[in-house]
Participant: 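The structure follows.
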Amino acid sequence: MIDDTDGAQNDDKPPVRLGEVVYQQMKERLIRGAFEPGHKLTVRALAEALGVSSTPARDAINRLTFEGALVFAGPKTVIVPFVGPEALEEITLMRLALEGLAAEKSVLRVTQNDIDELTKIQADINAALGDARYADALWSNKEFHFLIYRLSQMPHLMTTIETLWLRIGAAFNDLYPEFAEAKYGVHNHMAAIEGLLDRDGGAVRAAIESDIRDGYRRLRRAERERSAQNLHLS
């Protein structure tokens, strides 16, 4: 449960408002694919889930709606939106450019400890995929990618990448079970680790770009299947 206060005062840092805490928690869940497209949320349900009052929950929902991560489905209900084909293509093109850049720059500061941590995260992903725990795999997948990107030490780039993941994170649920069975992500991640070991920025970039492209192909196909099903039902 989150303490329903504005935060303790201290001489070094300003208090963190509860609405900001709830917003960051919800943002992180959306980025990691904790909610599937079409998932409905209410202020009351979010407040109860996080153990806060309705005011910070409403503030967080309003901010995320303004950013396009949620859309209103009624006066007190929002849903996690589906990503249409045009938006998916645009986001993917931006991801290729920006995440590719961050990946390429990561080799300038990577350490053996970083590589060991990436190897551990990948082991967690492999175990989750083997057990069909796809939510856990998505949670760790974000850790893997963003550990590499942070090594670029380009904070503005990181902020932009995070914004893209906020818009597309829910859609990553459509990767499974195909991605688990074909192990596309596993192969790409291992290639990224190998590139980091060799301090080969081009190889790391190629591995991350391959991961994004493989994901795009699966997400595009899932969107087409969903559109065809909706057309059939109508």
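Heavy atoms only: backbone and side chains are in, while hydrogens, waters and symmetry mates are out. Position 1 is the first residue of the sequence; numbering continues from there.
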Participant: Other residues, nucleotides and ligands only: do more than 12 of their heavy atoms fall within 6.0 Å of CD on E194?
Facilitator: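 At most 12 heavy atoms, drawn from other residues, nucleotides or ligands, come within 6.0 Å of this atom.
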Participant: For the CG atom of L18 and the OG atom of S53, what is their distance to the nearest 0.5 Å?
Facilitator: 6.5 Å
Participant: How many angstroms lie between OH in Y184 and CZ in R218, if you round to the nearest 0.5 Å?
Facilitator: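 Y184 OH to R218 CZ: 10.0 Å, rounded to 0.5 Å.
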Participant: If you compare all heavy atoms of A207 against all heavy atoms of A192, which two are closest, and at what distance to 0.1 Å?
Facilitator: CB-N, 3.5 Å
Participant: Looking at D114 and R109, does any basic side-chain N land under 4.0 Å from a carboxylate oxygen?
Facilitator: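 No, no charged N to carboxylate O under 4.0 Å.
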Participant: Looking at side-chain heavy atoms only, is the closest gap between V204 and S106 below 4.5 Å?
Facilitator: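 Yes. Closest side-chain heavy atoms under 4.5 Å.
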Participant: Identify each donor-acceptor pair in which a side-chain atom of residues 87-104 lies under 3.5 Å from a protein atom, sequence neighbours left out, and give them as a table.
Facilitator:
residue: T92; atom: OG1; partner: L88; partner atom: O; Å: 2.7
residue: R95; atom: NE; partner: E99; partner atom: OE2; Å: 2.6
residue: R95; atom: NH2; partner: E99; partner atom: OE1; Å: 3.1
residue: E99; atom: OE1; partner: Y149; partner atom: OH; Å: 2.6
residue: E99; atom: OE2; partner: W165; partner atom: NE1; Å: 2.9
residue: E104; atom: OE1; partner: R205; partner atom: NH1; Å: 2.8

Participant: With distance as the sole criterion, is a donor-acceptor pair present between the side chains of H145 and D211 under 3.5 Å?
Facilitator: yes
Participant: Do the side-chain N and O atoms of S210 and N188 include a donor-acceptor pair separated by under 3.5 angstrom?
Facilitator: yes
Participant: I want to check something: taking the side chain as every heavy atom from C-beta on, are V186 and F179 in contact at a cut-off of under 4.5 Å?
Facilitator: no
Participant: So do the side chains of I31 and K142 get within less than 4.5 Å of each other, counting heavy atoms only?
Facilitator: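 When only atoms from C-beta onward are counted, K142 and I31 do touch, with a gap below 4.5 Å.
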Participant: Measure the spacing between CG of L151 and CG of L196 and express it to the nearest 0.5 Å.
Facilitator: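 Between atom CG of L151 and atom CG of L196 there are 7.5 Å.
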Participant: To the nearest 0.5 Å, how far apart are OG1 in T77 and CD1 in I61?
Facilitator: 9.0 Å
Participant: First locate atom CG of D124, then atom CG of D136, and finally report the distance between them rounded to the nearest 0.5 Å.
Facilitator: 9.0 Å
Participant: Applying salt bridge (charged side-chain N to carboxylate O under 4.0 Å, His left out), run through E20 and R63 and close with a yes or a no.
Facilitator: CA-CA 10 Å; E20 178 66 22; R63 285 182 65 181; 2.5 Å; yes
Participant: Working to the nearest 0.5 Å, report the span between OG1 of T42 and CZ of R58.
Facilitator: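 That separation rounds to 10.5 Å.
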Participant: Would you kindly confirm whether M190 and I125 end up in one hydrophobic cluster when ILVMFWY residues are joined by side chain heavy atoms under 4.5 Å apart?
Facilitator: yes
Participant: Please report the C-alpha distance between V78 and K40 in whole Å, then the side-chain angles of each, then the deciding distance to 0.1 Å, and finally whether the side chain to side chain contact (heavy atoms under 4.5 Å, CB included) criterion is met.
Facilitator: CA-CA 6 Å; V78 294; K40 291 185 178 181; over 6 Å; no
Participant: Which atom pair, heavy atoms only, marks the closest approach of G19 to A60?
Facilitator: O-CB, 4.4 Å
Participant: Report yes or no: do I208 and F146 belong to one cluster of Ile/Leu/Val/Met/Phe/Trp/Tyr joined by side chain heavy-atom distances under 4.5 Å?
Facilitator: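 Yes, it is one cluster - the side chains of I208 and F146 are joined through contacts under 4.5 Å.
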Participant: Ring-plane angle category for H189 and F144, please: parallel below 30°, perpendicular beyond 60°, tilted otherwise.
Facilitator: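 Answer is parallel, since the angle falls under 30°.
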Participant: Please collect all ring pair (Phe, Tyr, Trp, His ring centres under 6.0 Å) contacts where either partner lies in residues 17-60, sequence neighbours excluded, each pair once.
Facilitator: F35-H39
Participant: Assess whether side chain to side chain contact (heavy atoms under 4.5 Å, CB included) is satisfied between E48 and R44, documenting all intermediate values.
Facilitator: CA-CA 6 Å; E48 291 178 352; R44 180 177 180 179; 3.3 Å; yes
Participant: Just to verify, what does R220 make a side chain to side chain donor-acceptor pair (under 3.5 Å) with, not counting sequence neighbours?
Facilitator: E223
Participant: Quick check: closest heavy atoms across S140 and I121, and the distance to 0.1 Å?
Facilitator: O-CG2, 3.4 Å
Participant: Closest heavy-atom contact between L138 and G33?
Facilitator: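 Nearest pair, atom of L138 first, then G33: CD1-O, 4.0 Å.
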Participant: Go through the steps to decide whether L41 and M26 satisfy the test side chain to side chain contact (heavy atoms under 4.5 Å, CB included), and finish with yes or no.
Facilitator: CA-CA 11 Å; L41 289 167; M26 272 299 298; 3.7 Å; yes
Participant: Search all heavy atoms of R167 against all heavy atoms of G68 and return the closest pair with its distance.
Facilitator: NE-O, 3.3 Å
Participant: What about L164 and V71, same hydrophobic cluster or not, with Ile/Leu/Val/Met/Phe/Trp/Tyr joined at side-chain heavy-atom distances under 4.5 Å?
Facilitator: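 In one cluster: no.
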Participant: If only atom types and distance count, is the side chain of D198 paired as donor or acceptor with the main-chain N or O of D200 below 3.5 Å?
Facilitator: no
Participant: How close do L30 and A69 get, heavy atom to heavy atom, and via which atoms?
Facilitator: CD1-CB, 4.0 Å
Participant: Does any part of the side chain of Q25, heavy atoms only, come nearer than 4.5 Å to the side chain of V22, both counted from C-beta?
Facilitator: no
Participant: Would the number of heavy atoms belonging to other residues, nucleotides or ligands and lying under 6.0 Å from NZ of K105 be above 12?
Facilitator: no
Participant: Please identify which of these residues, V110, I193, N113, meets the side-chain contact (heavy atoms from CB on, under 4.5 Å) condition with L118.
Facilitator: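 The residue from V110, I193, N113 that satisfies side-chain contact (heavy atoms from CB on, under 4.5 Å) with L118 turns out to be I193.
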Participant: Do R221 and E178 pass the salt bridge (charged side-chain N to carboxylate O under 4.0 Å, His left out) test, and can you show the C-alpha distance, the side-chain angles, and the key distance before you say yes or no?
Facilitator: CA-CA 11 Å; R221 189 161 64 253; E178 181 178 321; 2.5 Å; yes
Participant: Check whether any side-chain heavy atom of E209 sits under 4.5 Å from a side-chain heavy atom of R213, and report yes or no.
Facilitator: yes
Participant: Are K27 and E162 close enough, and set up right, to give a salt bridge (charged side-chain N to carboxylate O under 4.0 Å, His left out), and what steps lead you there?
Facilitator: CA-CA 10 Å; K27 180 179 178 181; E162 188 176 73; 3.0 Å; yes
Participant: Consider only side-chain heavy atoms of I, L, V, M, F, W and Y, link residues closer than 4.5 Å, and tell whether Y134 and F82 are in one cluster.
Facilitator: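 Not linked; separate clusters.
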Participant: May I ask whether I168 and W139 are part of the same hydrophobic cluster, defined by side-chain heavy atoms of I, L, V, M, F, W, Y residues being less than 4.5 angstrom apart, directly or through others?
Facilitator: no
